[in-house]
Amino acid sequence: QGPHIISNSWGWDKDYKSQESLLRDDPNFYLEMKDMERAIRSAIAQGVTILFSAGNGEQSFPACLPDVISVGGMSVEPDGHLRPSTMAGSFESLLYPGRTVPDLCGIVGDGGPVPQRGHIMLPAPRGSIIEGSNLPLGLTTRGWAITSGTSAATPQVAGVVALMLNACPDLKPHDIKSILCETARGPASGKTGSGLVDGERACIRSLELATA
């Protein structure tokens with residue numbers, strides 16, 4: 001279908017051992033992983049920007065692949081203060097030594113009792129798996145849910161990538177990843193990568209490259 005961007009809010013909680021150990025202990029998943037790795041790298045080589053959610057406490061593959069953009073989560077306080085979300089995951093990869101996840105973050109709420117802080121109320125199709133999620137008792141079948149997490153943060157960043165490509169269609173996946181990380185807002189850390197995505201700064205930088 002010729003996509004420019006693929007946003008993925010899924011993964012396997014598997015990054016707890018080396019590839020050699022995984023091959024020995026779980027050869028079927030290892031072969032599945034290598035097939036997925038080849039497919040993703042082939043798409044990136046063809047110019048497709050691929051994003052994966054980092055997970056909400058998991059150590060997720062394919063988010064740990066060095067070539068993808070892994071998206072974690074930061075929470076925003078009412079005064080604008082940014083901090084790592086208690087819901088979003090971060091880790092150092094054992095499958096790909098030297099790789100840390102995430103690369104940068106979208107906005108993610110916090111875990112805890114209902115009502116959860118920083119979550120988004122959104123319409124949910126009747127009968128879907130998320131209908132009624134985190135709603136008070138008695139409101140669980142009204143076609144709504146309250147949700148958050150890195151699965152929601154990843155399409156936020158994918159939307160910024162679409163705007164960047166609109167500003168500069170010649171950007172390659174590695175250019176996009178570099179610009180996103182360079183223009184993200186702090187604090188940067190092992191938990192947040194380069195910080196929170198900044199759509200305005202990323203698009204301005206993309207436009208500067210287009211007109212250079």
Side-chain angles (χ1 to χ4, degrees), residues 3-74 84-108 149-158 160-161 164-165 171-198 202:
H4 295 90
I5 306 160
I6 301 177
S7 178
N8 299 274
S9 293
W10 58 272
W12 291 283
D13 187 19
K14 290 286 189 177
D15 196 342
Y16 294 96
K17 59 183 67 177
S18 68
Q19 292 197 34
E20 293 77 12
S21 297
L22 184 63
L23 174 59
R24 182 186 64 245
D25 300 336
D26 191 352
N28 287 336
F29 181 78
Y30 173 84
L31 294 174
E32 215 175 314
M33 183 188 81
K34 299 308 285 187
D35 285 342
M36 184 65 67
E37 178 183 306
R38 283 190 288 271
I40 291 170
R41 286 181 167 164
S42 174
I44 292 172
Q46 295 174 59
V48 183
T49 300
I50 298 184
L51 304 93
F52 272 91
S53 55
N56 305 322
E58 303 88 359
Q59 294 188 195
S60 183
F61 172 88
C64 59
L65 273 171
D67 303 318
V68 307
I69 297 171
S70 63
V71 181
M74 297 181 76
S85 167
T86 60
M87 179 176 284
S90 60
F91 61 96
E92 295 185 10
S93 175
L94 296 179
L95 290 172
Y96 302 92
R99 167 65 159 150
T100 58
V101 175
D103 291 305
L104 77 164
C105 295
I107 296 174
V108 170
T150 59
S151 287
T154 303
Q156 294 170 27
V157 180
V160 173
V161 174
M164 293 167 65
L165 286 171
L171 290 174
K172 304 302 181 189
H174 67 273
D175 299 322
I176 290 169
K177 185 173 183 177
S178 295
I179 292 170
L180 286 171
C181 292
E182 289 167 4
T183 58
R185 289 190 283 152
S189 70
K191 291 184 177 181
T192 64
S194 296
L196 180 67
V197 65
D198 189 319

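In this chain, residues are counted from 1 in sequence order. Every heavy atom of this structure was used, including side-chain atoms; hydrogens, water molecules and symmetry mates were not.
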In terms of heavy-atom contacts, G190 and P102 come closest through O-CD, 4.0 Å
Rounded to the nearest 0.5 Å, the CD1 atom of I179 sits from the CE atom of M164 at a distance of 4.5 Å
Sequence neighbours excluded, the answer for salt bridge (charged side-chain N to carboxylate O under 4.0 Å, His left out) partners of D15 is none
**Request:** Taking the side chain as every heavy atom from C-beta outward, state whether I176 and L165 have any pair of such atoms under 4.5 Å apart.
**Result:** yes
> If you draw a 6.0 Å radius around NZ in K172, do more than 12 non-hydrogen atoms from other residues or ligands fall strictly inside?
Replying inline: no
d(M74 CE, M87 CE) to nearest 0.5 Å is 16.0 Å
To the nearest 0.5 Å, atom CG of L94 lies from atom NZ of K17 at 10.5 Å
Rounded to the nearest 0.5 angstrom, the NE2-OG1 distance for H174 and T49 is 10.5 Å
Result for side-chain contact (heavy atoms from CB on, under 4.5 Å) between V71 and one of T154, N8, L180, T150 points to T154
Shortest non-hydrogen pair, R99 vs L65, comes out as NH2-O, 3.2 Å
Is any side-chain heavy atom of Q19 less than 4.5 Å from a side-chain heavy atom of P97?
no
(request) State, with a plain yes or no, whether a side-chain heavy atom of L196 is found less than 4.5 Å away from one of D198. (result) no
In short, P173 meets I44 closest at the heavy-atom pair CG-O, 3.8 Å
Test item: V48 and I6 side chains (from C-beta on) under 4.5 Å apart, heavy atoms: yes
In short, S93 meets C64 closest at the heavy-atom pair OG-CB, 3.9 Å
ask   = Donor-acceptor pair, D13 side chain versus Q59 backbone, under 3.5 Å?
value = yes
Interatomic distance, NZ@K14 vs CD@E32, rounded to 0.5 Å, equals 9.0 Å
### Query
Hey, are the side chains of D103 and S70 touching, using non-hydrogen atoms and a 4.5 Å cut-off?
yes
Would you call the rings of W12 and F61 parallel, tilted or perpendicular if under 30° counts as parallel and over 60° as perpendicular?
-> parallel
When every non-hydrogen atom of A63 is compared with those of F52, the smallest separation belongs to CA-CB, 3.8 Å
Here the pair of heavy atoms bringing V108 nearest to G72 is CG2-O, 4.3 Å
Report yes if the side chains of S9 and P155 come closer than 4.5 Å at any heavy-atom pair, otherwise no.
yes
Between the OH atom in Y30 and the CD atom in E37, the distance rounded to the nearest 0.5 Å is 8.0 Å
